[in-house]
Amino acid sequence: FCPRRLKTAAATGNSLRGMGATPAGRRLEEEAQEPQVELAVTFYEGAPCATLQGQAVKDISVACNRRFSSLCRLMVLTKRGRRLVECPLPEAKASSSAWESSEGHKQMKAWEISQEWLHPTKHEGMESLAVNPYCLRVAEHDEASGPSPADDDAELDSDEAGCVFVGTSSGRIVQMRESLSNSGRLIPDRIMHQRSHPSGRGSLCVVQGRYLVTLWSKLSTISAFDSHDGSMVKEWRLPTHIQWVMLGSGGDGLYLLGVRGGHHVELFRFPTPPELTATSSQQPSKLG
């Protein structure tokens, strides 16, 4: 068993707050507000994804519709970074431990990812993926037909800016979009950032539908970028005695998975920085 992505929802428990200014941002340290409790996780076999058959997985991202949280998609970056594959992520049945069957679902979509912009001399490839959940749209829903639309009604608007992001092995963070001439192909829209080391898989997430947050494990920092203009919002320093592995967002917090002392896997919660909530109501911009 190898975890590929940390996906979270609203939660309570130990929080973390920024303390002490540093040149790279603010150090985030633990502040226990409630007694620790033991949590258990139950795993179920998921629905099969025919579109992914024969493909190895590099990274994944989970996107759920803002209004209908049960409508979700599992977006998969394949091993060689050549395809983005959409897979169903149905709800678990209330009366059974089994997940709903994927029978009757429409064929999930897949996009080819352009490779021409990668540096061949550096053997550059794609390492990490983030998909903006605000881009998972549903058609107009008639509430008379049920409390929520059918799973088939949800679609990813990949032709919008700020919906798909990838990190490369050369340390580039790139915003992707659907090609205007080929709806089944993703092309780079903007290089948002460049570093000398990559952000690994599970290191990207989108906050409030606008801000791309990146974990830099080697530096023990996280940084945020505005998907509207590509600018860096801020960078925060993490405690260096933890080996940080991956991050996710949910509710009003950022969640980071770390390893303490080489053995103990721990989950940390940080409140979402105020810099990432000021103008969060704005939607990804439509390309002209």
Side-chain angles (χ1 to χ4, degrees), residues 3-22 24-41 59-67 69-70 72 74 89 128-136 162 165 167 199-217 219-227 232-260 264-282:
R4 300 282 184 178
R5 169 63 64 172
L6 178 64
K7 175 64 179 176
T8 57
T12 59
N14 289 350
S15 65
L16 301 129
R17 60 188 175 93
M19 296 180 62
T22 68
R26 285 195 265 175
R27 182 179 297 275
L28 300 174
E29 296 187 359
E30 188 172 2
E31 176 194 20
Q33 292 186 333
E34 296 181 7
Q36 291 188 350
V37 295
E38 288 192 14
L39 301 177
V41 178
D59 199 7
I60 66 173
S61 181
V62 179
C64 297
N65 182 263
R66 295 174 62 202
R67 183 180 175 192
S69 59
S70 64
C72 299
L74 185 67
L89 190 66
S128 50
L129 168 72
V131 173
N132 189 343
Y134 282 38
C135 297
L136 189 66
F165 306 88
S199 59
R201 60 190 179 193
S203 62
L204 302 178
C205 72
V206 179
V207 174
Q208 302 290 352
R210 175 167 179 172
Y211 302 103
L212 178 70
V213 180
T214 305
L215 168 66
W216 306 100
S217 297
L219 296 178
S220 294
T221 64
I222 56 174
S223 52
F225 305 91
D226 190 333
S227 66
M232 177 182 280
V233 178
K234 199 167 184 179
E235 186 160 352
W236 296 266
R237 198 179 293 276
L238 297 164
T240 56
H241 63 285
I242 303 291
Q243 179 187 351
W244 301 103
V245 180
M246 58 182 67
L247 88 163
S249 65
D252 59 352
L254 296 175
Y255 295 81
L256 285 92
L257 196 68
V259 180
R260 185 193 300 267
H264 305 289
V265 179
E266 299 176 348
L267 181 64
F268 295 80
R269 177 184 177 273
F270 299 78
T272 302
E275 294 87 349
L276 307 185
T277 60
T279 56
S280 60
S281 61
Q282 300 185 41

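Fair warning: this is a prediction, and the values are worked out from it, not measured in the lab.
- Without hydrogens or angle criteria, Ser61 side chain to Val131 main chain gives a donor-acceptor distance under 3.5 Å.
- Considering only heavy atoms from C-beta on, Thr214 comes within 4.5 Å of Phe225 through its side chain.
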Can you check side chain to side chain contact (heavy atoms under 4.5 Å, CB included) on Trp236 and Thr221, steps first, answer last? CA-CA 6 Å; Trp236 296 266; Thr221 64; over 6 Å; no
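- Looking at Val245 and Leu215, their side chains never come closer than 4.5 Å, going by heavy atoms from C-beta outward.
- Screening Leu254, Val233, Val213 for a side chain to side chain contact (heavy atoms under 4.5 Å, CB included) involving Pro273 leaves a single residue, Leu254.
- Between atom CG of residue Leu204 and atom CZ of residue Arg201 there is a gap of 13.5 Å, rounded to the nearest 0.5 Å.
- A heavy-atom distance below 4.5 Å is not found between the side chains of Val206 and Tyr211.
- A donor-acceptor distance shorter than 3.5 angstrom exists from the side chain of Asn65 to the backbone of Leu136, with no hydrogens or angles considered.
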Run the side chain to side chain contact (heavy atoms under 4.5 Å, CB included) test on Leu256 and Leu238 for me, step by step, so that the C-alpha distance in whole Å, both residues' side-chain angles and the decisive distance to 0.1 Å come before the verdict. CA-CA 10 Å; Leu256 285 92; Leu238 297 164; 3.8 Å; yes
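- Under the 4.5 Å side-chain criterion, counting only non-hydrogen atoms from C-beta, Thr277 is in contact with Gln208.
- When side chains are defined from C-beta on, Cys205 counts as touching Ser249, because their heavy atoms get closer than 4.5 Å.
- Between the Ser227 side chain and the Arg210 main chain, a donor and an acceptor come within less than 3.5 Å of each other.
- Side-chain contact of Ser223 with Trp216: a donor-acceptor pair under 3.5 Å is present, judged by distance alone.
- Within the 6.0 Å centre-distance limit, the rings of Phe268 and Trp244 are counted as a close aromatic pair.
- Between Pro133 and Cys64, the closest heavy-atom pair is CB-O, 3.6 Å.
- Asp59 CG to Met246 CE: the interatomic distance, rounded to the nearest 0.5 Å, is 8.0 Å.
- Applying the side-chain hydrogen bond (donor to acceptor under 3.5 Å, both in side chains) criterion to His241, with sequence neighbours excluded, gives Arg260.
- Atoms NE2 and CD1, from His264 and Ile242 in turn, are 10.0 Å apart once rounded to the nearest 0.5 Å.
- Side-chain contact between Leu247 and Leu257: absent, with no pair of heavy atoms (C-beta onward) separated by less than 4.5 Å.
- In terms of heavy atoms, Gly167 sits closest to Ser199 at CA-OG, 4.2 Å.
- By the 4.5 Å heavy-atom criterion applied to side chains, Pro274 and Leu276 are not counted as neighbours.
- Listed by chain and number, the residues in a side-chain hydrogen bond (donor to acceptor under 3.5 Å, both in side chains) with Thr272 amount to none (sequence neighbours excluded).
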